[in-house]
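Values in this document were obtained by computation on a predicted structure and should not be read as measured data. Below, chains carry the letters A, B, ... as their sequence lines are ordered, and counting in each starts from 1.
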Amino acid sequence: MNLEFVGATQIVLGILARFWPVWLSLAIVLGASYFYRKKLGLYGQLFSTGVGIAGLAICFFWLFTAIFASRIATFDPLAQVAVLKNAMPGAIAPETSGGGVYLLGGDNLARDVFSRMVFGSQIVLIIAPAATLFALMVGITLGLPAGYYGGRIDALLSFLANLVLAFPVILLFYLLVTPAIVEMGIPRWMAGVFFLFPIVFFLTLFWTRFKNRPDRIWLYMGLTIVIGGWIYASLVFNADPFRILSLTPNQLNIFAAVVFASSPGVFRIVRGLTMDIKTRDYVAAAQTRGESPWYIMLWEILPNARGPLIVDACLRIGYTTILLGTLGYFGLGLAPESPDWGTAIKDASRLLRSFIHPALPPTIALMSFVLGLNLLADSLREQSMKD
Amino acid sequence: MNEAVRNPEEPIIEIENLSISFFTRKGEIPAVMDFSCTVMPGEAMGIVGESGCGKSTVSLGIMRDLSNIGKIVGGRIKFRGRDMGDMSEEELRAIRGNKIAMIYQEPMASLNPAMKIGQQLMEVPLIHDKVSNDEAYKRARDMIASVKLPDPERIMRSYPHQLSGGQQQRIVIAMALLSKPALLLLDEPTTALDVTVEAGIVQLVKGLGKEFGTSMIFVSHNLGLILETCDRITVMYSGEAVETGKIKDVFDRMRHPYTQGLFRSIPLPGADKNERPLVAIPGQLPLPQDRPKGCNFGPRCHHFVEGVCNAAEIPMIPVDGHEGHFSRCVRFNEIDWAAMPPGAKKSSEPVKPGAPVLKVTDMRKYYNVGGGGMFGGGAGRTVKANETISFMARESETVAIVGESGCGKSTLAKVLLGLETASAGSVTLGNDEIQSTGIENRSVGTVSAIQMVFQNPFDTLNPSHSVGSQIIRTLEKFKVGKNTAERRQRMLELLDLVKLPRAFAERKPRQLSGGQKQRIGVARAFSGAAKVVVADEPVSALDVSVQAAVTELLMDIQRKNKTTMLFISHDLSVVRYIADRVVVMYLGHIVEQGTTDQIFAPPYHPYTEALLSAIPIADTSVVKKHIVLEGDIPSAMNPPSGCPFQTRCRYKSLVPDNLCETQLPPLKDLGNGHASLCWLADDVLAEMEPVISFDRDHAAHEGEPEDVVPHRERSVPGGDPGFAAPPPKRPRGKRAAPAAGRLGDAAEEAESRGRTRRQETRDESGGQKAGAPRRTENSTVAPFKQAEAGSGRQAVDPDAPSAFEPTEKENGKPRRK
């Protein structure tokens with residue numbers, strides 16, 4: 001079996017060329033942002049340091065890769081070209097299978113490593129931020145009253161949070177994917193509870209602020225219920241009437257597990273921030289004009305906790321990405337053929353002694369994305385403190 | 001021992017034309033420009049100025065401890081004749097902490113919380129003098145004793161958090177003194193402390209020059225403190241020294257309009273809210289990047305002359321007749337220093353208080369602490385935050401509630417506003433009892449009838465919402481206006497009321513200065529039909545010149561709306577200026593209450609007496625009795641038995657049978673509503689002498705050249721509230737006072753005792769002939785003239801945005817509606 005290869009230069013140029021939609025979008029977005037950075041507030045200030053620009057560039061790179069994945073990838077992530085099993089980078093696929101180059105080689109099942117890495121970004125970039133967002137909602141909705149009221153509510157919620165934090169995460173995941181437990185419907189119940197939080201959150205948010213303004217309140221409440229209900233139905237019951245959103249049972253498991261594991265962290269941060277901010281005079285001013293506690297929490301305290309929360313969210317997307325990788329590595333998460341980075345690393349790790357090249361691209365991708373998020377978080381923290 | 005004393009002729013530190021800049025991403029920002037000063041051995045130099053004027057940067061520059069973005073861009077600092085710029089890092093390290101020591105504002109931040117006091121103190125001689133452990137221990141212990149802390153052995157074994165704020169600051173001072181520094185830099189050393197504690201620290205600092213021969217640079221915003229501690233003063237404005245000279249020269253015959261503006265905006269004895277209101281400086285401090293050409297103070301100065309003041313940079317110009325007195329004003333010889341600013345308003349009629357609006361009867365508030373929580377076992381303890389509080393406030397009246405931290409005044413405010421409910425007693429607002437109605441159960445009318453102005457301007461507005469939307473929200477809650485458009489209109493009218501431009505509605509709080517934020521806070525409090533406004537130290541966090549403007553604004557609105565104001569404060573000079581009646585609190589008890597006159601005149605409650613004596617007054621003609629309280633305020637968790645004040649009271653021995661320690665004193669009625677919580681017998685009270693009195697001789701020809709015939713005037717009955725004597729007339733400078741008076745016998749006695757230190761300074765300068773003997777002939781008439789023109793505030797709005805208003809566009813999200 002004689003394979004033909006392209007040279008190293010051609011591999012590099014080939015990869016760079018495949019990413020052309022990403023480069024173009026990066027140039028447009030970063031260029032425009034840089035040009036208008038003075039008017040863009042905190043986001044614009046990120047452009048004043050190299051760290052900030054690097055963080056943004058890396059995050060945007062993966063974001064655009066996920067968006068344009070089908071245009072960048074050279075092959076179907078699941079397609080196999082039998083002769084290219086464990087082929088070295090630059091191997092040219094035979095004409096019979098449609099031609100083309102395995103830019104980063106083939107894996108153990110003769111799939112294109114490059115295309116799988118590109119498509120893997122889609123999975124990571126959808127699940128990680130979304131799961132973080134839900135964790136944020138859960139953490140905020142529980143953390144605010146714990147910090148604001150203190151006392152028994154705080155003691156109870158903090159105790160629960162500590163309980164979750166004390167539970168070994170991996171064991172938790174093992175339990176959640178155990179067939180017996182899935183059959184009992186526990187993950188679905190959990191997701192059902194977690195996904196309720198955003199709806200409750202937004203309803204409370206609008207109700208506290210606009211309850212005396214009939215011109216707006218019904219519009220906002222209605223929108224929240226319609227949109228929230230639609231998303232809820234599609235995600236939890238997989239019953240989207242429009243067939244736009246869907247979540248496979250496996251994905252639902254992962255989602256529930258990740259939200260469950262990371263919301264206590266958010267909870268503790270929000271609780272601490274609330275305890276600090278509630279001593280400020282503007283909170284007392286709101287109290288003395290007779291505002292309800294939830295108005296104060298959501299409209300007076302939460303906006304001022306946003307700085308640390310944004311930084312934490314950035315870092316948390318990174319953790320979640322790693323968590324997804326870990327889950328994939330243990331084979332707990334998604335379908336075995338899924339191209340996500342964690343699963344790819346697991347698959348490649350079996351043959352690490354003989355072939356290192358299938359393991360490297362997903363590893364580097366995972367690492368660079370998390371690094372980008374961390375740089376972004378660092379820079380956000382620094383810039384928000386300067387103000 | 002101290003090197004400083006060896007060569008008394010050589011200055012300890014000479015600063016020549018020092019310029020310091022900070023290099024930020026916005027470019028170079030000059031923080032200090034052309035600053036010169038010389039400090040001789042044993043001398044104390046005060047640097048005074050408002051926030052942002054560069055006074056702290058100077059002291060950090062001397063230490064060469066500017067952060068990595070700060071740089072000395074010009075001038076020299078010579079320490080004992082050696083240019084510090086030429087010294088190596090190692091030499092500088094040997095000087096820092098050893099020859100030059102610094103004391104910062106926040107004592108807790110200067111001490112290592114993980115080390116015992118003893119260890120921290122011993123480090124100094126161990127490192128700098130390489131002495132043995134025993135010797136270091138001995139020196140540390142002796143030093144603790146000499147900063148007048150009790151039980152040095154115990155303190156050596158304590159951790160910093162086990163000491164009170166005042167004790168910590170004494171330890172910081174002890175640490176600084178242990179290396180026997182030649183120069184001590186004090187950067188607002190007492191700002192974080194309570195007044196009575198501050199008085200103790202001031203007394204300690206004052207003695208340092210004599211006792212240790214230490215020179216001092218004392219940085220403060222408080223002119224009164226500078227007067228008490230320093231020999232010379234430098235006034236800074238916007239990065240420059242604008243006036244420097246001997247305390248007496250600068251205080252009595254200032255020759256820079258900014259210095260005069262500062263004096264006119266602080267409530268010195270002699271100011272009166274109806275007859276002689278404070279005069280604020282218009283405009284605000286320019287940002288460093290847009291300082292004007294020529295005189296930095298030009299745009300705010302009513303003596304400004306186009307083409308003269310802004311022609312070229314102005315050097316320090318010597319003032320004739322005063323040694324070492326310089327002013328950075330080109331026109332100081334042409335200015336009529338006695339004239340009041342143009343457009344000053346006539347005095348206003350005193351307000352007649354109406355029917356009682358707020359009545360508090362026997363109110364108590366106890367807290368249970370400890371216990372609770374999921375795993376918190378054990379019974380909690382009770383903190384008695386308020387005990388038997390009874391007072392009354394009438395319509396249009398200002399009642400001041402005075403006390404130091406922990407006295408329960410904030411708890412009282414919380415109960416009044418409904419944030420807490422009272423444990424016992426009653427609070428009546430109008431005809432409604434509100435003591436047990438929490439804010440959530442109060443009707444909209446009650447909520448809007450009692451509102452609050454908060455202390456910290458940087459905290460009073462939510463930084464996330466625009467100013468306008470915050471006021472509109474308040475209006476919405478108070479059910480003012482039918483729809484958003486009407487509320488918006490009302491909000492704009494409220495901005496007019498507090499004299500802010502309507503464009504501010506769209507701004508975020510961070511784009512406003514402290515004074516402007518506080519104005520918004522006032523607008524918010526008055527947005528409903530407030531009957532009672534609780535003002536919790538509304539101006540104490542503001543700069544002096546802005547303080548006056550906000551105080552006047554508050555009183556204007558109050559007068560217009562016939563609102564009752566409860567003015568919570570620890571600053572008795574503001575209280576004397578603003579209040580009609582005063583309630584003095586200590587550890588949850590009302591210890592004395594009465595009209596302002598009754599409180600400020602004997603007989604005093606011993607605590608009131610100490611408080612009065614503790615306020616630093618920036619007036620060279622005032623003579624104070626010095627009463628320094630021992631110890632600290634006891635914790636409310638563990639109050640003393642009997643009288644709450646018995647642990648610190650100096651009259652305790654005069655009460656028989658140890659009553660003070662065993663029984664709570666009765667509220668003694670001293671007539672006309674004046675009541676005092678004290679065991680002292682009538683004869684002791686009758687013998688009390690006034691704490692503050694005037695040295696009229698001095699005041700009468702304050703700053704005058706010596707050839708002026710001293711004048712004696714008729715006494716006018718009913719002078720300044722509460723002082724032993726009416727305030728003296730001041731021919732020039734600070735304030736035009738219409739009445740001159742004769743001192744009471746008691747006052748004279750007190751005066752002769754308290755005057756010693758200032759007498760000396762006066763004698764020194766006695767022989768000199770002040771230059772420019774202008775207005776000599778009519779100087780006796782002058783005061784009356786000034787009185788006519790001399791009252792009223794400026795028509796120009798003092799805190800209104802000037803040319804230096806930050807003009808950055810709002811870049812936040814669109815306003816929420």
Side-chain angles (χ1 to χ4, degrees), chain A residues 36-45 47-49 150-160 162 205-206 208-216 220 276-293 295-296 298-307 383 386-387, chain B residues 24-25 372-376 410 413-414 416-419 438-444 446-448 450-465 469-470 473-479 483-484 509-510 517 520-521 524-525 527-528 534 536 808-813 816-817:
Chain A
Y36 292 110
R37 67 186 182 281
K38 294 247 159 62
K39 295 182 178 163
L40 291 171
L42 184 61
Y43 169 74
Q45 284 174 19
F47 287 89
S48 59
T49 58
R152 281 180 196 289
I153 297 178
D154 180 28
L156 179 73
L157 289 173
S158 298
F159 180 73
L160 291 178
N162 288 337
L205 189 73
F206 294 132
T208 50
R209 171 100 185 195
F210 298 112
K211 64 179 164 208
N212 295 326
R213 302 263 295 271
D215 52 327
R216 287 163 185 254
Y220 289 149
D276 172 23
I277 296 173
K278 79 169 174 186
T279 61
R280 303 290 165 88
D281 282 349
Y282 51 78
V283 173
Q287 288 168 337
T288 55
R289 65 171 183 256
E291 298 287 6
S292 67
Y295 174 88
I296 294 173
L298 293 171
W299 289 97
E300 300 282 342
I301 295 179
L302 187 58
N304 297 302
R306 67 182 187 275
Q383 297 302 327
K386 272 189 189 169
D387 216 13
Chain B
T24 65
R25 58 180 166 196
M374 203 162 166
F375 301 107
S410 303
K414 277 185 186 165
L416 294 181
L417 287 158
L419 297 179
I439 186 93
E440 62 275 13
N441 301 323
R442 290 189 179 183
S443 68
V444 174
T446 315
V447 168
S448 60
I450 180 158
Q451 278 293 299
M452 182 149 176
V453 179
F454 293 90
Q455 173 176 15
N456 186 347
F458 300 95
D459 234 23
T460 182
L461 299 180
N462 191 324
S464 300
H465 304 310
S469 72
Q470 299 195 41
R473 175 74 196 181
T474 312
L475 293 171
E476 201 182 307
K477 282 310 280 189
F478 292 169
K479 301 215 161 55
N483 51 36
T484 318
R510 69 184 145 83
K517 283 183 205 176
I520 300 287
R524 190 172 56 187
S527 62
V534 180
D536 185 1
E808 47 185 318
K809 281 269 209 149
E810 182 178 320
N811 47 11
K813 294 167 223 120
R816 284 196 201 81
K817 300 234 162 146

Side chain, backbone, both or neither: which part of B:Ser448 has an atom under 4.5 Å from a heavy atom of chain A?
neither

For the student: nearest non-hydrogen atoms of B:Ser464 and A:Arg306, plus distance:
OG-NH1, 3.1 Å

In Å, rounded to the nearest 0.5 Å, how long is the span from OG1 of A:Thr288 to CZ of B:Arg442?
10.5 Å

One pair to check against side chain to side chain donor-acceptor pair (under 3.5 Å): B:Thr460 and A:Asp281. What are the steps and the verdict?
CA-CA 5 Å; B:Thr460 182; A:Asp281 282 349; 5.6 Å; no

Please check: side-chain N/O of B:His465 versus main-chain N/O of A:Trp299, any donor-acceptor pairing under 3.5 Å?
yes

For B:Glu440, is it the side chain, the backbone, both or neither that has a heavy atom under 4.5 Å from a heavy atom of chain A?
neither

B:Asn462, B:Ile439, B:Val447: which one forms the most heavy-atom pairs within less than 4.5 Å of chain A?
B:Asn462

Does any backbone or side-chain atom of A:Ala284 lie under 4.5 Å from a heavy atom of chain B? Answer side chain, backbone, both or neither.
both

With rounding to the nearest 0.5 angstrom, report the CD to CZ distance, B:Glu476 to A:Arg209.
7.5 Å

Could you give the distance from OG1 (A:Thr279) to CG (B:Asp459), rounded to the nearest 0.5 Å?
7.0 Å

Working to the nearest 0.5 Å, report the span between CZ of A:Arg289 and CZ of B:Arg524.
6.5 Å

Part of A:Tyr295 within contact of chain B (heavy atom distance under 4.5 Å)
side chain

Counting only non-hydrogen atoms closer than 4.5 Å, does B:Leu461 touch chain A with its backbone (N, CA, C, O), its side chain (CB onward), both, or neither?
backbone

